[in-house]
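In what follows, a structure is listed as structure tokens, so that the remarks can point back to it.
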There are 4 protein chains.
Amino acid sequence: MPRTSKPADVRSAEILNAAAGLFRQHGVGAVSIDQIAREAGIAKGTFYLHFQSMRDLLARMAEATVTAMAENVERVIATSESSPYETLVLALAALKAVEADHAPLAQALDHPDNVDLQERANIALVLKVGPLLASVIERGCKTGDFAVEDPLSTIQFILAGQAFLLGNPRFGWSQDEHGVRLMATLRLTERALGARPGSLVSAFLAVLAGAAPGSAEAGSLQS
Amino acid sequence: MPRTSKPADVRSAEILNAAAGLFRQHGVGAVSIDQIAREAGIAKGTFYLHFQSMRDLLARMAEATVTAMAENVERVIATSESSPYETLVLALAALKAVEADHAPLAQALDHPDNVDLQERANIALVLKVGPLLASVIERGCKTGDFAVEDPLSTIQFILAGQAFLLGNPRFGWSQDEHGVRLMATLRLTERALGARPGSLVSAFLAVLAGAAPGSAEAGSLQS
Amino acid sequence: MPRTSKPADVRSAEILNAAAGLFRQHGVGAVSIDQIAREAGIAKGTFYLHFQSMRDLLARMAEATVTAMAENVERVIATSESSPYETLVLALAALKAVEADHAPLAQALDHPDNVDLQERANIALVLKVGPLLASVIERGCKTGDFAVEDPLSTIQFILAGQAFLLGNPRFGWSQDEHGVRLMATLRLTERALGARPGSLVSAFLAVLAGAAPGSAEAGSLQS
Amino acid sequence: MPRTSKPADVRSAEILNAAAGLFRQHGVGAVSIDQIAREAGIAKGTFYLHFQSMRDLLARMAEATVTAMAENVERVIATSESSPYETLVLALAALKAVEADHAPLAQALDHPDNVDLQERANIALVLKVGPLLASVIERGCKTGDFAVEDPLSTIQFILAGQAFLLGNPRFGWSQDEHGVRLMATLRLTERALGARPGSLVSAFLAVLAGAAPGSAEAGSLQS
DNA sequence: AATGAATGAGTGTTCATTCAT
DNA sequence: TATGAATGAACACTCATTCAT
């Protein structure tokens, strides 16, 4: 009822945050625009001043998340002065960090019902982040750390498998099952990249033990 | 209006088939129970005699599909007398065959809107078919054809990556892009399984050149 | 809340009547489907079981009204054994009678806001009833009672003028003003049809004084 | 954003014109105040500085149109030195001219959805222009050119019939059908006014053949 | 006199589910 | 078992109007 005017981008962000919170609690499919407006402290009509439709909201939320992820990864790559091994692991960890930073936005993607939203992000991730990581691998190929024929296709496959197998809450892995699969993923990645056996695994453990960028329990990108 | 009584399982199968056809055409989200009932030639109320809800229908449809896939793979494995290489490739081909044979049920999963349904199937696939293929790999480890520490986790990751990266219509890969990623996937699989370089790729090409195994012997989904 | 099932045509008629009543009170533009459903004692969803949309309702209501008018006029013409003069006047009176018979359906057209609805009826009236009356006039031309070159165009013009000038509540004529215009209309019609001066006027007065078919205060067709 | 201040009547006229243009394109029912404001180059709030509501806008637009028509007719009558026949025909032509000159305002009334607006104009026309033409007819009665008892009622009926039957796009007359009805109308008018057979028809044809009077000298609606 | 972001009641429509027959 | 008319909560979205600036 009190009429508070705010810059468009601030309002958009508030709505996006309100929506993300509700999505996390109930899943995208169970949240109405009415609820979002209420949560954001605005009238229903105001929602439509900033978003064309629910679909529009979803798209923009997914885009914002992946953009943040790509930016994070890019920064890490540009900054890193370590070996390709560690750069790759740092980049993967940076990906995970977005979930902590952009909470609850990123976490909204976790709900079992949000497959649609999650998928948009995953696909954009494979397409946007894939090339970034491929460049790291190519560098590794020159240094002799890696040996792959088709870095882009390979890393995209790995991102896809990881996003789907480890990032999907529906599998309902126990912590142990998750750990086993994470290790298998790292070993698979080592082999796929033609890296020295154990190299990525140890680099990953080193990062975990070290500055642990992003989140302590790091391990999966999406979940 | 003609009141035809049928055994419960026959009716269920008819409804499932009617639904699959509509899902393929319009996507799950755009199909109402009204339409399904009409397509199945029954009254709306009758639908609820056989399915508790739309959610129930979706779950059972996904389950039926994956069950058929698992049965197909199992049959291939039990029958095959070839090397583990070829058995594995035959099994993967049998998996794909279900999509062709069990149309329109299997194909319904292809529609962009049906991610939810598709995912249920993919997850069940990873959980059900993964162990079957893992057993083939274990056999290969004993014969020295493969060398992996954790066959189950590894093949599950690969199934996941493949299901997501190659099975998802939203990526919109061109035929070329698809081919590149398929080859990268096979090479990645070779390495991940510790197989001789080129072995899987050539086995796969051999199968392709051969009798296109799998599709011919496929059974019916609802049987 | 009590679930009462009725034949489709009965329900349709009930809804039509409920709608007509509300339209008369508030005008078509101010009546929501919610209100109609409440008035008809059904759930909102039930409305859509019988009418595709509000537009559909309007169209069917207008059609029903005009159909009744045309049938009334046709019956009068078929039955009448009087002179063309009287037949014509009787037919015009029968038109008016529909308002009494089909109340409140016909009266709904009276509200100032219902121009759209009213117009559909008026147009259908001109097109459907025009030819019927034209046939009477043609008969009159042969008997020498009338003398017109183009009976159809002429009577359609007269129906149009009368529907608009006398049937439109927005003019807000006083009873006197209305009477003056009615008489002028009759004299104009006499002349337009080439009838003997005073003939129609007196026939009209005779009908009024006689059996007064339809409604006592007859005089205008639409209002 | 540029805050341009203008006299109230200029702004009103601009808004009226903007609205008329949109009404013509989309029909009154499909035009929002948002659109009108945008078209007029003002903010939404400014609209309400000049018009109380949409209803108000419609009423004033109809009034403006008819006022222009009445002024046109009055000017013709005052100026004309011809016979009552020709004066009458000239006046009727001047009426039609407004539709051409005051486009898009006048033409907005032509859209099928704008019946409400059209009607307001038609009614005002009958009430305002009717008396003007009646005076011409009265003059004609004195000169013996016409012979009518009640000039006002008669000409009002004729205006009504003509406005409704010939001015209503919903009838969908073909050009031929329209022509037939126009001629019938003229003959009917001759008879109704007691004019010499053929007199009006030939006067009308003469005017058509002449300088297409009316359109040239028409004034501006908002002036 | 002008702005335009904010309001919120209101709309038409859908559809999973129920239940009297 | 089967029917299908009836239900009604829920939904996305619109738009005339207000008011703080």
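Labels below follow one simple rule: chain letters A, B, ... track the order of the sequence lines, proteins then strands, and each chain is numbered from 1. Only a predicted model underlies this, so the values are computations on that prediction, with no experimental measurement involved.
Contact annotation: Arg11(B) reaches the phosphate of dA2(F) (side-chain N/O to OP1 or OP2, under 4.0 Å). Proximity of His50(D) to the phosphate of dA1(E): no side-chain N or O atom is located under 4.0 Å from OP1 or OP2.
Using a 4.5 Å heavy-atom threshold, the side chains of Met61(C) and Leu58(C) count as separate. Looking at heavy atoms from C-beta onward, Ile15(B) lies out of side-chain contact with Ser12(B) at the 4.5 angstrom threshold. Ile36(D) is listed as a side-chain neighbour of Phe23(D), based on a closest heavy-atom distance under 4.5 Å.
If you take CG of Asp9(D) and P of dA1(E), they are 11 Å apart, rounded to a whole angstrom. Atoms CZ (Phe51(A)) and P (dA5(E)) sit 15 Å apart, rounded to a whole Å. Put simply, CZ on Phe47(D) is 16 Å from P on dA1(E), counting in whole angstrom units. What separates NZ of Lys6(D) from P of dT3(E) is a distance of 10 Å, to the nearest Å. One interatomic measurement links the two molecules: CG of Leu57(B) to P of dA16(E), which rounds to 11 Å at whole-angstrom precision. Counting to the nearest Å, the C1' atom of dT7(E) and the CZ atom of Arg38(A) are 15 Å from each other. We find that CD of Gln35(A) is positioned 10 Å from P of dA10(F), with the value rounded to whole Å. dG10(E) atom P lies 19 Å from atom CE of Met54(D), rounded to whole Å.
A salt bridge links Glu14(A) with Arg11(A): the closest approach of a Lys/Arg side-chain nitrogen to an acidic carboxylate oxygen falls below 4.0 angstrom.
Nearest to the side chain of Lys44(D), among dC13(F), dA6(F), dT17(F), sits dT17(F). Closest contact between the side chain of Arg3(C) and the listed nucleotides dT7(F), dA5(E), dT3(E) involves dT7(F). With distances taken from any side-chain atom of Tyr48(D) to the nucleotides dA16(F), dC13(F), dT7(E), the minimum falls on dA16(F). Among dG4(F), dA2(E), dT7(E), the nucleotide with an atom closest to any side-chain atom of Thr46(D) is dA2(E). With dT17(E), dA5(E), dA6(F) as the choices, the nucleotide that has an atom nearest any side-chain atom of Leu49(A) turns out to be dA5(E).
Panel note: side chain Thr46(D), backbone Ile42(D); no donor-acceptor pair is recorded below 3.5 Å.
Among the protein residues, Ser32(A) comes within range of the sugar-phosphate backbone only, with heavy atoms under 4.0 Å from sugar or phosphate atoms but none that close to a base. Residue contacts shown for Ile33(A) are limited to sugar-phosphate atoms, with no base heavy atom under 4.0 Å away. Note on Ser5(C): only backbone sugar-phosphate atoms sit closer than 4.0 angstrom, heavy atoms only; bases stay farther off.
Taking a pair to require two hydrogen-bonding distances under 3.5 Å in either a Watson-Crick or a G-U wobble arrangement, dC15(E) pairs with dG8(F). Under the Watson-Crick or G-U wobble criterion, with both distances below 3.5 Å, dT21(F) is paired with dA2(E).
Comparing Ser53(D) and Ala43(B) by the nucleotide of DNA chain F that holds the closest heavy atom to each, the one mapping nearer the 5' end is Ala43(B). Nearest-nucleotide mapping onto DNA chain E: of Gly45(B) and Val31(C), the residue sitting toward the 5' end is Val31(C). Heavy-atom nearest nucleotides on DNA chain E were determined for Asp34(B) and for Ile42(D), and the one closer to the 5' end corresponds to Ile42(D).
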Verdict with reasoning, Asp34(C) to Phe47(C), per side-chain contact (heavy atoms from CB on, under 4.5 Å)
CA-CA 9 Å; Asp34(C) 241 357; Phe47(C) 174 92; over 6 Å; no

